[in-house]
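As structure tokens, the structure follows; a few thoughts come after it.
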Amino acid sequence: MAGQLSIAKALNEALRKSLESDPKTVLMGEDIGKLGGVFRITDGLQKDFGDDRVIDTPLAESGIVGTAIGLALRGYRPVVEIQFDGFVYPAFDQIVSQLAKMHARALGHVKMPVTVRIPFGGGIGAVEHHSESHEAYFAHTAGLRVVSPSNAHDAHWMLRQAIESDDPVVFLEPKRRYWDKGEVGEDPMLPLHAARIVRPGTDATLIAYGPMVKVCQEAAQAAEEDGRQLEVVDLRSLSPIDFATLEESVKRTGRGIVVHEAPVFLGLGAELAARLTERCFYHLEAPILRVGGYHAPYPPSRVEESYLPDLDRVLDAVDRAFAF
Amino acid sequence: MAGQLSIAKALNEALRKSLESDPKTVLMGEDIGKLGGVFRITDGLQKDFGDDRVIDTPLAESGIVGTAIGLALRGYRPVVEIQFDGFVYPAFDQIVSQLAKMHARALGHVKMPVTVRIPFGGGIGAVEHHSESHEAYFAHTAGLRVVSPSNAHDAHWMLRQAIESDDPVVFLEPKRRYWDKGEVGEDPMLPLHAARIVRPGTDATLIAYGPMVKVCQEAAQAAEEDGRQLEVVDLRSLSPIDFATLEESVKRTGRGIVVHEAPVFLGLGAELAARLTERCFYHLEAPILRVGGYHAPYPPSRVEESYLPDLDRVLDAVDRAFAF
Amino acid sequence: MTVKSTSRARKKAAPGVPDPARAGIGAEPELVQLLTPEGDRVEHPEFPLTVTPEELRALYRDLVLVRRFDAEATSLQRQGELGLWASLLGQEAAQVGSGRAMRTGDYAFPTYREHGVAWCRDVDPLNLLGMFRGVNHGGWDPNEKNFHLYTIVIGSQTLHATGYAMGISKDGADDAVVAYFGDGASSQGDVNEAFTFASVYNSPVVFFCQNNQWAISEPTALQTRIPLYRRASGFGFPGVRVDGNDVLAVLAVTRWALDHARSGQGPVLVEAFTYRMGAHTTSDDPTRYRQSEETESWKAKDPILRLKAHLEKEGLADEAFFAGIEAESEQLGLRVREGVRSMPDPDPTLIFDHVYSEQHPLVDEERAEYEAYAASFEGGERH
Amino acid sequence: MTVKSTSRARKKAAPGVPDPARAGIGAEPELVQLLTPEGDRVEHPEFPLTVTPEELRALYRDLVLVRRFDAEATSLQRQGELGLWASLLGQEAAQVGSGRAMRTGDYAFPTYREHGVAWCRDVDPLNLLGMFRGVNHGGWDPNEKNFHLYTIVIGSQTLHATGYAMGISKDGADDAVVAYFGDGASSQGDVNEAFTFASVYNSPVVFFCQNNQWAISEPTALQTRIPLYRRASGFGFPGVRVDGNDVLAVLAVTRWALDHARSGQGPVLVEAFTYRMGAHTTSDDPTRYRQSEETESWKAKDPILRLKAHLEKEGLADEAFFAGIEAESEQLGLRVREGVRSMPDPDPTLIFDHVYSEQHPLVDEERAEYEAYAASFEGGERH
Ligand SMILES: Cc1ncc(C[n+]2csc(CCOP(=O)(O)OP(=O)(O)O)c2C)c(N)n1
Ligand SMILES: Cc1ncc(C[n+]2csc(CCOP(=O)(O)OP(=O)(O)O)c2C)c(N)n1
Ligand SMILES: [Mg+2]
Ligand SMILES: [Mg+2]
């Protein structure tokens with residue numbers, strides 16, 4: 001790609017490339033046509049590819065995912081946009097009972113190359129239902145792949161890889177980072193489900209994905225001033241998880257801290273902590289700690305900063321890890 | 001109650017008592033009237049309380065939960081039956097976005113005393129969608145309380161306590177144990193959200209709920225022959241979790257093994273392992289291990305025995321815990 | 001069987017198939033209207049209405065004040081006092097007409113745009129602004145004015161309304177419920193399930209659909225290929241399309257519908273045919289998807305102008321009256337401005353306050369952690 | 001407005017309100033029938049049908065063999081060879097009539113009861129039994145015979161069918177889809193969303209509702225207060241109620257509907273008015289909720305007897321023919337019995353085989369763990 005792109009633009013380019021390279025690729029969703037989606041991720045695509053391939057749908061999420069499944073059965077490769085995280089639940093049955101299970105039900109005779117794009121997470125000062133992090137529901141669901149990019153390069157290439165995958169992929173877009181810019185390289189560099197060490201360190205491992213990677217990088221930066229070298233791992237893939245990379249890192253540093261916006265209770269950090277503890281038991285100087293949202297509905301925006309993990313809460317957890 | 005009751009009968013009696021004691025209690029669901037529900041849990045109740053209080057509904061789960069919410073707003077206390085675990089997903093939006101959040105949305109001005117009864121779990125040789133363990137979806141959702149009894153006494157009293165609660169409760173019934181009989185005492189003995197040590201032991205703590213409690217008790221029995229004293233804790237409440245009881249037990253035994261039918265990956269065991277490790281770090285002889293379902297759709301019934309945790313798989317985990 | 005026979009059958013059926021192009025097209029014979037855009041009263045055989053001059057003036061006052069409140073909120077959003085606003089501009093008559101048709105004991109289940117209904121239910125306008133400012137998610141007591149919390153997840157509230165109506169039947173009360181929703185919402189499974197429950201249980205609920213022609217950027221033709229009010233016929237209850245910019249017609253039709261519902265005849269679908277004059281919300285940009293000509297053409301149907309024209313033609317209101325309303329709306333604007341600006345930010349511990357109504361150890365624990373953590377900052381930032 | 005006016009309006013509307021008691025009541029004027037229960041041919045102006053004696057005999061054969069297969073499966077369940085069976089007894093004509101109306105390129109989306117449709121699509125009956133025996137969840141290749149997997153979650157498949165039909169339109173093909181569902185399913189949000197998508201996109205899908213009067217223990221009146229075929233009118237496409245026990249009428253109506261759909265006129269709803277003669281499934285006990293009189297009364301409308309009567313009256317089939325069918329159905333029964341009994345149990349590692357189509361580290365890891373664990377048993381149980 002030419003130079004620096006925002007995550008939003010990198011996604012838009014990825015959809016364009018996918019529409020160009022495979023005539024069976026179709027986009028479906030609410031307001032994705034003329035409007036280009038409420039976040040403009042599909043901006044200009046209906047104009048260029050026609051409303052037969054960039055399809056504005058009736059206002060019904062179960063209908064969107066359910067008909068996408070039917071299109072996939074007919075040989076299409078639908079990319080579905082859910083307008084906001086909080087509006088995917090009406091489609092939950094189609095995602096969990098149909099999309100995720102169809103391949104197994106058919107003993108492999110049919111494939112479900114459906115990508116479900118969801119802008120997720122908070123920090124944008126929105127009203128209720130527009131700031132949720134529900135990745136755990138999908139990651140717990142066998143049959144789905146769940147990924148989330150943290151930067152423009154990954155946003156572009158991971159979306160293309162997700163669309164090319166013959167399995168259903170829930171693609172979680174860090175909406176509050178849509179306008180962050182970054183270089184988009186000429187090739188993906190990593191397979192879809194590999195984690196990436198975005199900052200090497202020796203004293204503790206910060207594990208994050210999507211919007212929290214940036215927070216962890218800032219925390220690591222600040223920690224350096226306190227003389228602590230924190231390693232930061234961008235998970236990228238939430239299901240499956242690249243435990244090999246994580247295990248190597250945590251065994252090296254002896255400490256792990258998982259950071260996500262989703263509520264801590266049964267959030268992704270629970271699985272990361274449980275499994276890494278099992279794999280690294282004798283290397284741990286402290287338990288794997290978790291920094292995340294509270295067990296409460298996402299709060300009104302005027303207090304969301306207190307709900308969301310930030311640099312200070314991450315460093316507070318680092319202190320606790322060292323205090324053990 | 002008079003002597004030994006099956007779990008099914010204990011539940012039926014609990015519903016009867018609730019209908020008698022509070023005129024605002026109403027039961028809603030598919031086939032709960034003349035048929036008495038596919039598991040006969042509501043047997044005879046429509047006959048005795050009328051179809052105005054024991055309501056057969058149209059075949060639409062979102063409609064059932066959504067109208068139950070409306071009835072609650074009007075001052076009723078609905079007890080909803082979802083016919084099988086796999087059929088709750090069409091109601092997921094109403095449960096997660098409405099039922100769970102209404103109290104907070106109203107800053108406490110309205111209450112949601114709605115109980116959602118769901119027969120859950122496998123082992124009954126059923127077809128697809130009839131054997132799922134999806135407790136993690138609900139436990140991860142703030143605003144809901146999630147409980148599951150393992151015996152007739154708890155089935156009876158916990159259901160009555162759930163119905164009396166002013167918060168929404170997801171009540172998970174261990175369907176494969178419906179016909180197990182047990183004594184039902186004259187009073188609950190424990191608050192709804194307390195765990196119970198059902199077998200004291202010194203060497204390791206087995207943590208289970210619902211259908212797996214029996215398996216763990218049998219495993220503890222067998223382990224005794226190998227000279228191992230396993231403590232068995234019946235969680236009873238999945239959200240909130242009685243961590244005080246668990247922490248005390250695991251610190252005492254130094255080992256913990258969580259057993260559930262749900263897939264291990266992001267199952268309830270993940271949260272239990274992560275939190276207990278944090279609380280008991282220096283007392284652990286081994287990581288908290290998990291025995292559960294695999295990351296796969298619930299399999300055809302002819303192979304479900306290989307999917308479900310059993311005595312041998314629990315003891316295998318115990319061996320691994322001791323081998324650390 | 002021959003091809004001939006099937007094709008004949010097809011020809012026979014073809015007329016029965018409605019033309020998608022007709023979806024949402026206005027000025028249909030079945031559109032109930034009692035006041036023309038020019039402000040002239042017309043009669044409708046099924047929906048006669050007698051209103052006193054006082055009532056007419058009161059309705060005019062509602063319309064003007066509601067519009068003023070809405071305009072104030074829009075500018076407060078521009079000034080950064082609100083994070084978002086969903087304007088009802090153009091839909092005042094649909095909301096005031098239906099709101100004024102309700103009795104005190106009736107109950108309204110709104111979307112996020114029913115500011116005019118809230119006004120008629122006597123809900124303090126400032127209550128509506130909390131969620132748009134981000135200090136709460138609604139937070140008022142729905143039972144105080146029988147006006148439920150705003151619902152953002154499209155369609156959900158129609159089931160709550162139906163359940164509430166089922167409760168009314170159980171209580172043997174003669175109240176009724178109005179379930180508000182939009183043209184886009186008509187596609188949601190929940191709304192159609194509400195139609196089924198309400199019709200099967202014959203519940204006292206009026207489904208009030210404001211067809212404002214748009215669901216964000218999507219025209220109604222993307223939700224239905226026939227006029228929306230006809231949806232009701234598929235579920236076995238009456239549907240009526242009313243001129244949503246005619247406050248008198250909306251009042252008459254909604255009164256009839258509520259009476260129909262409360263008298264044990266079950267649900268009614270009212271389609272108020274109107275127009276969203278502004279953006280979907282303050283974050284929306286309608287120029288990307290609709291022609292200004294369309295918006296212009298609807299200006300001529302403005303709900304306030306036509307009632308004003310009527311009052312003037314009939315000499316039912318004088319300068320003093322209009323001046324009085326002007327002054328009153330200035331007052332309202334002022335009160336709203338000051339009220340919003342002085343709305344305090346909530347304490348962060350609000351996060352933990354109403355997750356459950358009963359004690360919950362995890363919430364207590366996280367609250368305690370949060371408070372200890374927050375306390376550690378006393379005396380300035382750490383980093 | 002006066003009470004008088006509203007009450008007048010109410011009286012006017014009352015007739016428009018259907019009587020719930022009428023829901024699902026049969027023998028209505030609009031019921032399309034071409035063959036009376038006595039076996040006499042009648043004409044229907046909109047659905048003429050010319051069938052050759054060969055076609056009639058072929059349909060009779062289908063009906064008999066489908067019923068025989070179903071009976072065999074029921075007894076195999078009793079013998080413990082199947083864990084469950086959902087019998088189609090009584091619905092043979094609805095399924096054979098619609099199944100035979102389809103072309104090879106058309107596509108069927110069944111529930112869990114469409115054994116007769118599967119038969120017409122030339123699906124090996126043994127394929128259907130795997131999920132009821134518990135050796136798989138379906139497992140056949142849907143694209144081999146354009147017959148999708150059985151769907152258990154009520155209503156879901158109507159959206160898959162609609163999406164598939166959207167794909168047909170994109171391909172510019174003239175195939176069509178039949179989406180099967182039941183009277184109970186008509187209440188599900190998914191089914192009504194399918195109606196919206198299909199009508200808005202004008203997709204070539206026939207919604208084929210077998211109204212067998214019951215959803216487990218619930219009569220159709222609990223799902224709708226008017227005849228189900230009228231649901232279509234609320235979405236703007238044609239609905240037809242056909243005698244579901246009349247294979248000729250179902251054939252004619254479904255052919256017309258498919259032709260209507262494939263010729264670019266969009267969806268059709270066909271309500272096949274029939275009856276579930278047996279239990280919901282082998283685990284159900286209908287004596288708890290319905291009268292044997294009702295079941296008896298439907299015996300007189302048996303789909304097979306009426307076609308047999310017709311063949312005999314018209315002298316279109318002789319003893320030899322009927323004897324031949326008998327022999328053939330014996331053969332089928334034998335083949336099914338032996339086929340089921342010799343169905344091998346799957347290897348437990350099937351659990352891991354098709355979770356994903358591409359490599360997945362967690363599944364690989366759990367498979368390896370399972371295999372190592374299973375291996376540890378070689379040489380007998382541990383406890
Ligand atoms: C389930 C769900 N999906 C998507 C959205 C996002 N959204 C908010 S308003 C809206 C359009 C609603 O249109 P309509 O029902 O006509 O009401 P209007 O906004 O025109 O008043 C959409 C798609 C939502 N709030 N809920
Ligand atoms: C979403 C969902 N809810 C509940 C069930 C349980 N269930 C299985 S069949 C059935 C009744 C279906 O009735 P109908 O649609 O009339 O089809 P029929 O069985 O009569 O052929 C029910 C409630 C289910 N399979 N799926
Ligand atoms: Mg609209
Ligand atoms: Mg049925």
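Both backbone and side-chain heavy atoms feed into the values below; hydrogens, waters and symmetry mates do not.
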Check the angle between the aromatic planes of Y89(A) and F92(A) and answer parallel, tilted or perpendicular using the 30° and 60° thresholds. tilted

Are the side chain of K111(A) and the backbone of A72(A) linked by a donor-acceptor contact shorter than 3.5 Å? no

Please determine if E271(B) and R290(A) form a salt bridge, counting it only when a charged side-chain N lies under 4.0 Å from a carboxylate O. yes

Per-residue contact mode, T141(A) against chain B (heavy atom under 4.5 angstrom): both

Highest number of heavy-atom pairs under 4.5 Å with chain A: which of P300(B), S239(B), A139(B), A296(B)? A139(B)

So what's closer than 4.5 Å to chain B heavy atoms on L272(A): side chain, backbone, both or neither? neither

Which bit of R105(A) is near chain B, if near means a heavy-atom gap under 4.5 Å: side chain, backbone, both or neither? side chain

How long is the span from the CG atom in D85(A) to the CG atom in L172(A), to the nearest 0.5 Å? 9.0 Å

Output the residues of residues 261-270 of chain A for which the shortest heavy-atom distance to chain B is under 4.5 Å, in residue-number order; output 'none' if no such residue exists. P263(A), V264(A), F265(A), L266(A), G267(A), L268(A), A270(A)

Which atoms of F324(A) are under 4.5 Å from chain B, going by heavy atoms: the side chain, the backbone, both sets, or neither? both

For the residue pair R275(B) and F243(B), would you count it as a cation-pi contact if the rule is NZ or CZ under 6.0 angstrom from the ring centre and within 45 degrees of the ring axis? yes

Measure distances from R279(A) to the heavy atoms of chain B and classify the residue's part below 4.5 Å as side chain, backbone, both or neither. neither

Pick from A273(B), G143(B), A136(B), A104(B): which one has the most heavy-atom pairs with chain A under 4.5 Å? A136(B)

Is the Y298(A) to H130(A) ring centre distance short of 6.0 Å? no

From D242(A) atom CG to H193(A) atom NE2, the distance as rounded to the nearest 0.5 Å: 10.5 Å

Side chain, backbone, both or neither of E128(A) within contact of chain B (heavy atoms, under 4.5 Å): side chain

T277(A) vs T277(B), side-chain hydrogen bond (donor to acceptor under 3.5 Å, both in side chains): CA-CA, chis, key distance, verdict: CA-CA 8 Å; T277(A) 303; T277(B) 303; 4.7 Å; no

Side chain, backbone, both or neither: which part of Y137(A) has a non-hydrogen atom closer than 4.5 Å to chain B? both

Scan for salt bridge (charged side-chain N to carboxylate O under 4.0 Å, His left out) pairs involving residues 93-102 of chain A, sequence neighbours excluded, and state none if there are none. K101(A)-E132(B)

How many angstroms lie between CD1 in I69(A) and CD1 in I95(A), if you round to the nearest 0.5 Å? 8.5 Å

Specify which of E61(B), Q94(B), H129(B), H134(B) makes the most heavy-atom pairs with chain A at under 4.5 Å. H129(B)

